[in-house]
Amino acid sequence: MLRVISHIEQLLHQHDCVIVPGIGGFMTQVVGTEWNAKLHVFSPEHKEVVFNASLQHNDGLLVESYMKEYEADFKTAGKMVEEDIRKLTGFLEEHAFVQLGHIGKLVQAAGGQLLFERIDSFLPHPESLGLPVFQLKTVQQLQKEEEALLIARQKQEKEIIYIPVRRKLLRGITATAAAVALFFLFSPQIKDVERSTYSAGVSSWVTGFEYPSVVPAETPEVVVVTEEIPVAEEKTEEVAPQPNRKMYHIVIGSFATDREADTFFQKKDVSAFPRLNRITRNERVRVYADRFDNREEAEAYLEVVRQTTSYKDAWLFISR
C-alpha cells in the first residue's frame, strides 16, 4: 500500500476534510443512529466518507503529517507528498482503480472522471466508539426458534434405542467367559510323539505326555460386587445416538495460511465482530464473524453483515 494512503486514513480520524492535490478532497459527515425495520438491525452513530474531486486547494495537512512522521522540513516533506501523489495517479491511470486502504476505492471512469466507493464501517463516531451493529430479534422469531428446538428434542426422543439387559443373564455370560479363559490358560502341553508309539497302546501314549509344571503367577485381585434386584424393578440401559450437528459460519475472509489470517485479524473494521474466529478445512483458513447452529438465524445475520459492513461478499460456510 502507498504510504500516502495511510496518512489520509490517519488524518480523517482527526479532521473533517483532507485534500489530496491533483486528485480531490475526502470529507467526513456524521450519520445518526439507524434502525432497519426489515432486518431488525440497530446501527450506532458513525461517520461516512465522501469524495469531492473539485477540491484541489492544498490545505497542508498531508505535508504536516509527513513532517511529523519522517522528521523532515517543510520543503522536503512537500517534495515527498508530490512524489507519492504522482505514484498514486500513475497507479490509477494504469489499473483504472486504486484501493485506499480501509477508506474505500477510487475508480477512474470513462473520460477521466473519478468515482469513490466508500466503506460504510470505516470511521466510528467518538461518542459511539465500541458500540457494534446488532440485531434485536422479535417475539415471533424467538417463538419460532423455541418451536424448532422443541420439535428437534421430540424427534431425538423418538430415536432413542432401549436395550433390556437382565442381571442374571449378565452374570451367566461373565461366568462362562471366565471359565473359557481359565481353560485356555491352564491347558496341558503335549510333546511330539513318534508314530511307533501309537501302536504301543494306551500306556505308551501316556509316557509321551507330560503335564507342565504350573508356576503360580501373581494375578490382580478381582472384586465382584453384585446387587440383587427384583425382576419387576430391572432397569434398562439407554443408548442415545450422538447427533452430528451442523454449524453455520459467516465467513468474511478465506486464506491459505494462518499467517495471512493473523494479518487480517489486525484490521480496524473487524472490531465490530466480538465473536470473530477462524476455522480450517481443506487446507483453507476461513475467518468468520460469528457462527450458529440454526440456519435461519445464520442467514439473517449474514444479511446484516452484508447490509451494514464492508464485507458485501460475506458467505455462509457449513461444517460438522
Side-chain angles (χ1 to χ4, degrees), residues 1-36 39 41-66 68-69 81 84-93 95-109 112-134 252-253 263-273 276 289 304-314:
M1 181 177 70
L2 300 175
R3 63 181 177 181
V4 68
I5 297 176
S6 62
H7 285 271
I8 297 173
E9 285 184 315
Q10 295 175 7
L11 290 171
L12 283 174
H13 283 284
Q14 306 168 10
H15 303 274
D16 294 332
C17 180
V18 178
I19 297 177
V20 182
I23 294 180
F26 295 91
M27 299 172 293
T28 62
Q29 59 184 10
V30 178
V31 179
T33 304
E34 296 179 346
W35 158 249
N36 190 321
L39 301 176
V41 172
F42 286 96
S43 300
E45 189 175 14
H46 61 281
K47 291 183 179 181
E48 287 184 350
V49 180
V50 295
F51 175 73
N52 189 344
S54 62
L55 297 177
Q56 296 292 329
H57 175 69
N58 189 354
D59 56 6
L61 291 178
L62 281 174
V63 177
E64 183 181 356
S65 179
Y66 272 61
K68 293 180 180 179
E69 181 71 20
V81 171
D84 287 351
I85 293 177
R86 278 196 296 269
K87 292 180 180 179
L88 181 62
T89 54
F91 186 91
L92 187 59
E93 292 175 357
H95 300 279
F97 78 95
V98 60
Q99 184 68 39
L100 301 176
H102 300 291
I103 304 175
K105 181 190 294 185
L106 202 60
V107 180
Q108 189 172 23
Q113 183 183 3
L114 294 179
L115 303 177
F116 177 68
E117 299 177 2
R118 69 171 182 268
I119 296 177
D120 295 335
S121 60
F122 168 58
L123 288 175
H125 194 274
E127 296 182 359
S128 59
L129 184 63
L131 297 178
V133 176
F134 68 94
I252 60 176
T263 304
F264 182 80
F265 269 74
Q266 298 175 2
K267 295 177 65 177
K268 297 178 183 178
D269 56 349
V270 299
S271 60
F273 308 113
L276 188 72
V304 171
V305 173
R306 289 175 175 174
Q307 294 289 337
T308 61
T309 70
S310 61
Y311 298 98
K312 311 298 182 183
D313 55 350

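- Counting heavy atoms from C-beta on, the side chains of V50 and Q29 come closer than 4.5 Å.
- Considering only heavy atoms from C-beta on, T89 comes within 4.5 Å of I23 through its side chain.
- Going from atom CG of L61 over to atom CG of L12 covers 9.5 Å, rounded to the nearest 0.5 Å.
- Across all their heavy atoms, P21 and I85 have their closest contact at O-CG2, 3.4 Å.
- Here the NZ atom belonging to K68 is positioned 12.0 Å from the NE2 atom belonging to H7, to the nearest 0.5 angstrom.
- For the pair F273 and A289, the tightest heavy-atom approach, listed with the atom from each and the gap, is CD2-CB, 3.5 Å.
- Between R118 atom CZ and K105 atom NZ the span is 15.0 Å, to the nearest 0.5 Å.
- Note on ring orientation: taking the six-membered ring where Trp is involved, the planes of F91 and H95 are tilted (angle from 30° to 60°).
- Side chains of L114 and L92 form a contact here, defined as non-hydrogen atoms less than 4.5 Å apart.
- Taking OG1 of T28 as the reference point, atom CD of Q14 lies at 12.0 Å (rounded to 0.5 Å).
- The shortest distance between side-chain heavy atoms of D84 and L88 does not fall below 4.5 Å.
- The side-chain heavy atoms of H15 and D59, taken from C-beta on, include no pair separated by under 4.5 Å.
- Between I5 and G101, the shortest heavy-atom contact is CG2-N, 3.6 Å.
- Side-chain contact between I8 and L62: present, with at least one pair of heavy atoms (C-beta onward) separated by less than 4.5 Å.
- Closest approach of Q108 to E93, counting heavy atoms only: OE1-CA, 3.6 Å.
- A side-chain contact (heavy atoms from CB on, under 4.5 Å) with L100 is found for one member of V4, L106, V20, V49 and no other, namely L106.
- Once rounded to the nearest 0.5 Å, the distance linking CD1 of I252 with CZ of R306 reads 12.5 Å.
- The backbone N or O of V107 lies less than 3.5 Å from no partner atom in the side chain of E117, so there is not a single donor-acceptor pair.
- Once rounded to the nearest 0.5 Å, the distance linking CD1 of I103 with OG of S310 reads 13.0 Å.
- Scanning both residues, M27 and C17, for their nearest heavy atoms gives CG-SG, 3.6 Å.
- The aromatic rings of F51 and F26 lie tilted to each other, with the angle between the two planes from 30° to 60°.
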